[in-house]
Asker: 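Please see the structure below; I have some questions.
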Amino acid sequence: MHNIKDIRNDPSKFKDSLKKRFLDLDLNKLLELDENNRKLIQEKENLEKEKKEISKSKNKDLFEKSKSISKKIDVLENKLKEIKVNLENILSSLPNIPYDDVPVGKDESSNKEVSKSGSIPKFDFKPKSHFELGENLNMLDFDLATKTTGSRFVFVKDKLALLERAISNFMIDVHTNQNGYQEISPPLIASESTMYGTGQLPKFENDQFEIKFDDKNDRKFLIPTAEVILTNMGKDRIFHLNELPLRLVASTPCFRKEAGSYGKDTKGMIRQHQFYKVELVSIVEPHNCLIELDRMTNCATKILDLLKLPYRKIILSSGDMGFSAEKTFDIEVWLPAENKYREISSCSSCGSFQARRMKSRYKNKKNETVFLGTLNGSGLAVGRTLIAILENYQQSDGSIKIPEVLKPYMNNLDKIVKK
RNA sequence: GGAAGGAUGGCUGAGCGGUUGAAAGCACCGGUCUUGAAAACCGGCAAAGGGGCAACUCUUUCCUGGGUUCGAAUCCCAGUCCUUCCGCCA
């Protein structure tokens with residue numbers, strides 16, 4: 001959410017910065033509503049002042065007049081309510097403004113590689129895809145999931161289920177013990193206002209799974225990422241300076257409809273309606289956002305370093321970034337079967353964009369109340385890490401070596417082999 | 001699901017029809033003192049929005065939404081959430 005004052009002060013600058021998002025919108029309606037809003041506010045305030053003075057004077061002769069003022073105020077209030085709804089509808093649908101150093105471009109083709117790390121494994125056989133490997137081991141079962149649930153779900157079984165759990169535990173341990181994050185086990189269901197706070201609503205309702213509760217006025221959604229629930233821990237709150245930075249980590253299932261991506265990655269577990277993800281969230285003073293973004297990104301890549309998985313870091317172009325982000329680094333892991341890098345983490349700074357939506361504030365050094373900065377990043381997507389391990393650690397016989405750092409989490413198992 | 005109590009500023013907590021935006025304490029910020037810190041003392045300190053270059057000023061807000069009244073944190077109605085007790089249950 002943007003501050004209407006910023007838009008009002010320099011509409012053309014604001015418009016230009018949204019052009020980086022390839023949005024050419026007409027701000028006139030917004031500005032017109034804003035002006036009208038302020039005009040009516042002034043009228044209303046004058047009446048209120050008058051009314052206040054009458055009641056203070058306790059002069060009975062003026063009481064009738066006060067009543068008639070009340071009626072006028074009622075009319076104005078109704079008009080204002082309507083304007084406010086319209087204003088907020090427009091404002092809440094505007095995406096965040098890309099930070100200065102974000103490459104401008106329409107889509108992922110303008111993303112820029114920042115760095116590369118790790119060595120790409122050489123195979124003296126044709127590497128298999130994760131779903132071939134998993135199905136041959138009888139440890140990934142897509143057909144069964146289709147039967148019980150539907151498409152884009154999977155049963156992970158036996159030692160791969162253990163591996164999935166190990167990955168998750170390993171990552172959380174690194175983030176809590178070495179990276180200074182506090183572990184959270186949050187609700188997996190979020191209220192409508194919580195979803196609004198991080199920017200999933202109102203614009204992206206179609207991507208969300210809504211839960212049916214008895215009370216129809218109280219809408220609830222399965223979280224599409226722990227970012228939603230963790231970031232909203234600061235909702236409607238004023239933090240003390242000494243509580244910052246707040247760094248949170250959670251491993252949770254995520255639920256996404258992924259509407260519009262049908263036909264993409266239909267095979268395997270790259271794109272599922274449900275997947276586990278270890279999520280990092282930082283709540284910081286807004287001027288520290290970009291430093292924190294680098295820090296967070298390093299926390300994520302550290303996991304890949306420890307797992308000895310090759311990856312690259314890219315900066316997303318303005319057109320490819322998420323709605324709430326001002327700057328995003330994606331980390332892509334090497335997948336031998338696809339012979340390319342695939343996204344395994346996405347770390348974003350949202351500046352004060354989300355904080356403004358959810359009224360998440362703190363008292364700064366000068367004792368002023370200001371909006372916080374929020375960041376979120378995957379550290380990492382568990383399902384995709386499983387895929388990357390399957391593909392990068394596969395052996396010619398179809399078995400899977402276990403990365404050194406995961407062995408303690410897997411009863412010191414060396415290898416996953418077919419029974 | 002049944003019964004009772006409650007919701008006030010960053011926090012604790014008074015107020016229960018008329019300068020109450022709201023006592024007091026804590027926290028926080030500034031200052032005096034101190035080599036420095038602590039303690040002590042003095043001062044400041046709610047948010048949102050409008051107007052103004054600014055100093056400043058106005059309006060709203062005591063869970064939410066209605067109502068009574070010239071006037072509501074205070075009275076009435078509805079709802080939400082919390083706490084305690086009982087029942088049920090992983």
Side-chain angles (χ1 to χ4, degrees), chain A residues 1-10 30-92 185-197 211 213-221 229 232-246 253 283-287 352-373:
Chain A
M1 182 86 95
H2 297 288
N3 188 345
I4 182 78
K5 281 184 197 162
D6 296 339
I7 304 177
R8 185 193 301 151
N9 285 342
D10 198 344
L30 186 69
L31 293 169
E32 194 185 299
L33 282 168
D34 176 49
E35 208 181 308
N36 215 262
N37 187 38
R38 286 183 297 153
K39 203 185 89 200
L40 292 178
I41 285 172
Q42 284 179 53
E43 276 181 47
K44 181 178 152 234
E45 285 184 356
N46 286 336
L47 290 171
E48 277 166 344
K49 197 178 173 195
E50 200 178 335
K51 192 178 150 185
K52 213 173 174 177
E53 268 154 15
I54 292 175
S55 95
K56 257 185 196 169
S57 74
K58 299 183 198 171
N59 180 347
K60 286 200 174 93
D61 299 337
L62 294 171
F63 287 177
E64 277 308 310
K65 191 178 178 194
S66 177
K67 277 186 180 177
S68 77
I69 292 174
S70 294
K71 280 186 190 128
K72 283 186 203 162
I73 290 177
D74 270 355
V75 173
L76 285 173
E77 265 176 355
N78 285 331
K79 277 190 200 166
L80 276 165
K81 234 181 233 170
E82 200 189 319
I83 290 175
K84 208 179 162 203
V85 168
N86 284 327
L87 258 176
E88 289 199 339
N89 280 344
I90 297 178
L91 268 181
S92 65
S185 175
L188 304 178
I189 291 173
S191 69
E192 188 175 8
S193 70
T194 293
M195 294 287 278
Y196 174 86
I211 305 278
F213 267 63
D214 293 340
D215 182 357
K216 287 171 275 351
N217 298 320
D218 189 20
R219 300 182 73 196
K220 310 251 193 239
F221 299 82
I229 203 89
N232 273 284
M233 284 171 74
K235 179 179 168 187
D236 284 320
R237 245 200 86 179
I238 300 178
F239 284 80
H240 268 123
L241 192 50
N242 62 20
E243 296 175 89
L244 304 174
L246 184 62
I283 298 178
V284 302
E285 290 188 79
H287 55 267
S352 295
F353 185 85
Q354 293 180 323
R356 199 168 282 122
R357 286 180 159 244
M358 56 194 187
K359 300 195 171 38
S360 189
R361 292 163 296 175
Y362 78 110
K363 294 261 188 209
N364 70 9
K365 198 100 197 271
K366 291 187 219 152
N367 233 11
E368 301 160 324
T369 308
V370 261
F371 288 112
L372 285 155

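Throughout, protein chains are lettered first and strands after them, A, B, ... in sequence-line order, and every chain is numbered starting at 1.
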Asker: Report the residue (A/Lys56 or A/Lys81) whose heavy-atom-nearest nucleotide on RNA chain B is the more 5′ of the two.
Answerer: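 The answer here is A/Lys56.
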Asker: What is the nucleic acid contact for A/Lys51, judged by heavy atoms within less than 4.0 Å: base, sugar-phosphate only, or nothing?
Answerer: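 If one applies the 4.0 Å heavy-atom cut-off, A/Lys51 turns out to touch the sugar-phosphate alone, with no base involved.
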Asker: Rounded to the nearest Å, what distance is computed from the NZ atom of residue A/Lys58 to the P atom of nucleotide B/A72?
Answerer: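 In whole Å, B/A72 P and A/Lys58 NZ are 13 Å from each other.
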Asker: Provide, to the nearest angstrom, the distance between the CD1 atom belonging to A/Ile283 and the P atom belonging to B/G10.
Answerer: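 It is 17 Å, rounded to the nearest whole Å.
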Asker: Find the distance A/Asn242:CG to B/C11:P and express it as a whole number of Å.
Answerer: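 That distance rounds to 14 Å.
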Asker: Going by heavy atoms in the side chains, are A/Tyr196 and A/Lys235 under 4.5 Å from each other?
Answerer: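 Heavy-atom side-chain distance check fails, nothing below 4.5 Å.
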Asker: Identify the two heavy atoms, one from A/Ser360 and one from A/Gly234, that lie closest to each other, and give their separation to 0.1 Å.
Answerer: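 Closest approach of A/Ser360 to A/Gly234, heavy atoms only: OG-O, 2.9 Å.
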Asker: Please report the distance, rounded to the nearest Å, between NE2 in A/His240 and C1' in B/U12.
Answerer: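 Rounded to whole Å, this separation is 13 Å.
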Asker: Classify every nucleotide of nucleotides 44-56 of chain B by which part a protein heavy atom approaches to under 4.0 Å, writing B for the base, S for the sugar-phosphate alone and - for neither, in 5'-to-3' order.
Answerer: B-SSSBBS-----
Asker: Starting at NZ of A/Lys52 and ending at C1' of B/G17, how long is that distance when rounded to a whole Å?
Answerer: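 Interatomic distance, NZ of A/Lys52 to C1' of B/G17: 16 Å.
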Asker: What is the distance, rounded to the nearest whole Å, between atom CG of A/Leu246 and atom P of B/G10?
Answerer: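 Rounding to the nearest Å, CG of A/Leu246 and P of B/G10 are 18 Å apart.
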Asker: What distance, rounded to whole Å, do you find between the two P atoms, one in B/A90 and one in B/C81?
Answerer: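 Here B/A90 and B/C81 have their P atoms 24 Å from each other.
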Asker: Taking the C1' atom in each of B/C11 and B/U69, what is the distance between them to the nearest angstrom?
Answerer: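 B/C11 and B/U69 have their C1' atoms separated by 35 Å.
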Asker: Just to be sure I understand the rule, does A/Lys67 reach a base, reach only the sugar-phosphate, or reach nothing, if contact means heavy atoms closer than 4.0 Å?
Answerer: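 Since only primed, P, OP1 and OP2 atoms lie under 4.0 Å of A/Lys67, the category is sugar-phosphate.
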Asker: How many angstroms lie between CD in A/Glu64 and CD1 in A/Ile54, if you round to the nearest 0.5 Å?
Answerer: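 Answer for the CD-CD1 pair, A/Glu64 versus A/Ile54, is 10.5 Å.
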Asker: Is the phosphate of B/U60 approached by A/Lys49 (side-chain N or O, under 4.0 Å from OP1 or OP2)?
Answerer: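 Answer no for this pair, as no side-chain N or O of A/Lys49 is under 4.0 Å from OP1 or OP2.
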Asker: For B/U8 and B/A22, measure between their C1' atoms and round to the nearest Å.
Answerer: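 Looking at atom C1' only, B/U8 and B/A22 are 8 Å apart.
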Asker: Expressed in whole Å, how much space separates the C1' atoms belonging to B/U19 and B/A72?
Answerer: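 Straight-line distance between the two C1' atoms is 15 Å.
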Asker: Give A/Ser66 one of three labels, base, sugar-phosphate or nothing, depending on what nucleic acid heavy atoms sit under 4.0 Å from its own.
Answerer: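 Sugar-phosphate contact only.
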Asker: Partner lookup for B/A7, please. Criteria are Watson-Crick or G-U wobble with both distances under 3.5 angstrom; report none if nothing qualifies.
Answerer: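 Per the H-bond distance test, B/U80.
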Asker: Just the rounded figure in Å: distance from C1' of B/U61 to CD of A/Glu77.
Answerer: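 Going from CD in A/Glu77 over to C1' in B/U61 covers 13 Å.
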Asker: Please state the C1' separation for the pair B/G9 and B/U61 - nearest whole angstrom.
Answerer: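 Pairwise C1' distance, B/G9 against B/U61, rounds to 11 Å.
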Asker: Got A/Phe353 and A/His2 here, is their nearest side-chain heavy-atom distance under 4.5 Å?
Answerer: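 Heavy-atom side-chain distance check passes, below 4.5 Å.
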Asker: With a 3.5 Å distance limit and no angle check, can you tell me whether A/Asn9 reaches the backbone of A/Lys5 through a side-chain donor-acceptor pair?
Answerer: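 At least one qualifying donor-acceptor pair exists.
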Asker: In whole angstrom, give me the gap between the P atoms of B/A7 and B/C76.
Answerer: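 Roughly 14 Å separates the two P atoms.
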Asker: Please work out if A/Lys71 contacts a base, only the sugar-phosphate, or nothing of the nucleic acid, heavy-atom cut-off 4.0 Å.
Answerer: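 A/Lys71: no heavy atom of the nucleic acid under 4.0 Å.
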Asker: Taking atom C1' in both B/C62 and B/U12, what distance in whole Å separates the two?
Answerer: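 Result for the C1' pair: 16 Å, nearest Å.
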Asker: Of A/Asp74 and A/Lys365, whose nearest nucleotide on RNA chain B comes first from the 5' end?
Answerer: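 Result: A/Lys365.
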Asker: Applying a 3.5 Å limit to both distances, which nucleotide forms a Watson-Crick or G-U wobble pair with B/U12?
Answerer: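 Per the H-bond distance test, B/A24.
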Asker: Is A/Lys65 touching bases, backbone alone, or none of the nucleic acid, heavy atoms closer than 4.0 Å?
Answerer: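 Here A/Lys65 touches no strand at all.
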Asker: To the nearest 0.5 Å, what is the distance between CD1 on A/Ile238 and CZ on A/Arg361?
Answerer: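 Separation between the atoms: 4.5 Å.
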Asker: Does the structure show a Watson-Crick or G-U wobble partner for B/C85, both distances under 3.5 Å? Name it, or say none.
Answerer: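 Partner of B/C85: B/G2.
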Asker: With distance as the sole test, does A/Thr369 use its side chain to make a donor-acceptor pair with the main-chain N or O of A/Lys363 at under 3.5 Å?
Answerer: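 No, the answer is negative, given that no donor and acceptor are paired below the 3.5 Å cut-off.
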Asker: Are there over 12 heavy-atom neighbours, none belonging to A/Glu35, within less than 6.0 Å of that residue's CD?
Answerer: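 Check fails, neighbour count at 12 or below.
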Asker: Within the 4.0 Å heavy-atom criterion, would you say A/Lys44 contacts the bases, only the backbone, or no part of the nucleic acid?
Answerer: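 If one applies the 4.0 Å heavy-atom cut-off, A/Lys44 turns out to touch nothing in the nucleic acid.
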Asker: With both distances kept under 3.5 Å, what pairs with B/A73, Watson-Crick or G-U wobble?
Answerer: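 Looking at the geometry, B/A73 pairs with no nucleotide.
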Asker: Between B/C53 and B/G10, how many Å separate the two P atoms, rounded to a whole number?
Answerer: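 After rounding to an integer number of Å, I get 31 Å for this pair.
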Asker: Table please: side-chain donor-acceptor pairs of residues 65-79 of chain A below 3.5 Å, with sequence neighbours left out.
Answerer:
{"residue": "A/Lys65", "atom": "NZ", "partner": "A/Glu50", "partner atom": "OE2", "Å": "2.9"}
{"residue": "A/Ser68", "atom": "OG", "partner": "A/Lys65", "partner atom": "O", "Å": "2.9"}
{"residue": "A/Ser70", "atom": "OG", "partner": "A/Lys51", "partner atom": "NZ", "Å": "3.2"}
{"residue": "A/Ser70", "atom": "OG", "partner": "A/Ser66", "partner atom": "O", "Å": "3.2"}
{"residue": "A/Asn78", "atom": "ND2", "partner": "A/Asp74", "partner atom": "O", "Å": "3.4"}

Asker: Distance check needed: B/G67 P versus A/Ile73 CD1, whole Å only.
Answerer: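 Atom-to-atom, A/Ile73 to B/G67, this comes out as 14 Å.
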